[in-house]
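One structure is given below, encoded as structure tokens.
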Amino acid sequence: MAEMSVSSEVPVNNTIYINNINEKVKLDELKTSLKAIFSQFGHILEILAFKTLKHKGQAWVVFEDASAASRAIQKMQNFPFHDKPMRIQYARTKSDIIAKKDGTFVPREKKKRHEEKGKKRKEQHDALQAAMGLNLAYNGAYGATPQLSQIPYMAKSAVPEAPAPPNSILFIQNLPHQTTPMMLQMLFCQYPGFKEVRMVEAKPGIAFVEYENEAQSTQSMMGLQGFKIVPENPMSITYAKK
DNA sequence: AGCACA
């Protein structure tokens, strides 16, 4: 049985997973500074970080030896990094670059998804229509007016608190409990620049939707503000706090 | 909040 780390209950790994990283830091700067900080524990094979909604604020540092990863966790846990304490664990799975050295690497399928994409799309579309009991073609078309016929959410909150400044990520509230990520994707992917939708399991009724840029997120917000998946829940869309 | 393989 693999040796377990006490704090995280994740087995020892060559790779450390870091989160709680300041999301304002640019990717290349982030990688450079991680390299500078972690090289002292052993040879680093690779540092990975991404800027998508799901993966921002996180990074993977792959060490040649797992012992270096262990030392890094011991010594750098909660280390203040760009004004935030790093949270470090072993990565949950083996990094590809390690698997390649092992000879255990099996490339993951990506084109398969592409082949089935048309079909998947259709299924998602049908699922959403069934769930909402309406036809998207008349509702969500780019530039078309959503089911806003009634009072937009603005009218209810006479004195809203200072909103987050415009940015590429939207914060959606007042979603009905039966809302699924697929349903939201069907709605929001119709607008150009759509990247991804994210729901938080622990917090029903809200979601984040990311676009390539703020002009595109703004178009989407204007198009879908107050959209009702069910009649009693007009969705409220604001820019996400940064 | 969030575990990837640009």
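Proteins come first, then strands; the chains are lettered A, B, ... in the order of their sequence lines, and each starts at number 1.
- Atom-to-atom, NZ of A:Lys241 to P of B:dA1 comes out at 10 Å; the value is rounded to the nearest Å.
- Put simply, CD1 on A:Ile88 is 19 Å from P on B:dA4, counting in whole angstrom units.
- Using a 5.5 Å limit on the distance between ring centres and a 30° limit on the angle between planes, the aromatic ring of A:Trp60 counts as stacked on the six-membered base ring of B:dA4.
- As judged by a 4.0 angstrom heavy-atom cut-off over every strand, A:Lys94 is placed among the base-contacting residues.
- Distance A:Lys31 NZ to B:dA6 C1': 7 Å, rounded to the nearest Å.
- Residue A:Glu46 places no side-chain atom within donor-acceptor reach of the base of B:dC5, judged by atom type and a 3.5 Å distance cut-off alone.
- Counting non-hydrogen atoms of neighbouring residues, nucleotides and ligands closer than 6.0 angstrom, the CD atom of A:Gln74 reaches no more than 12 such neighbours.
- If you check the side chains of A:Ser168 and A:Ser217, you find no donor sitting under 3.5 Å from an acceptor.
- Taking 3.5 Å as the limit, the base of B:dG2 and the side chain of A:Glu196 contain no donor-acceptor pair of atoms between them.
- The base of B:dA4 does not come close enough to the side chain of A:Thr15 for any donor and acceptor atom to sit less than 3.5 Å apart.
- Here A:Lys203 lies out of heavy-atom contact (under 4.0 Å) with every strand.
- For A:Tyr90 and A:Tyr17, the ring centers sit 6.0 Å or farther from each other.
- Closest to the side chain of A:Arg198, out of B:dC5, B:dG2, B:dC3, is B:dG2.
- Remark on DNA chain B: of its neighbouring residues A:Thr52 and A:Ala91, the 5'-side contact belongs to A:Ala91, judged by nearest-heavy-atom nucleotide.
- Distance, A:Ile97 CD1 to B:dA4 P: 17 Å, rounded to whole Å.
- Linking ILVMFWY side-chain heavy atoms closer than 4.5 Å, directly or via other members, places A:Val61 and A:Val10 in a single hydrophobic cluster.
- Across B:dA4, B:dG2, B:dA6, the shortest atom-to-atom separation from the side chain of A:Thr93 is found for B:dA4.
- Taking 4.5 Å as the limit, some side-chain heavy atom of A:Ile237 sits within range of a side-chain heavy atom of A:Phe188.
- Spacing between atom CG of A:Leu30 and atom P of B:dA6 amounts to 17 Å, rounded to whole angstrom units.
- Taking atom OH on A:Tyr17 and atom C1' on B:dA1, their separation rounds to 9 Å, with Å as the unit.
- The CG atom of A:Asn20 sits 14 Å away from the P atom of B:dC3 (whole-angstrom rounding).
- Remark: C1' of B:dG2 and CZ of A:Arg92 are 9 Å apart, rounded to the nearest angstrom.
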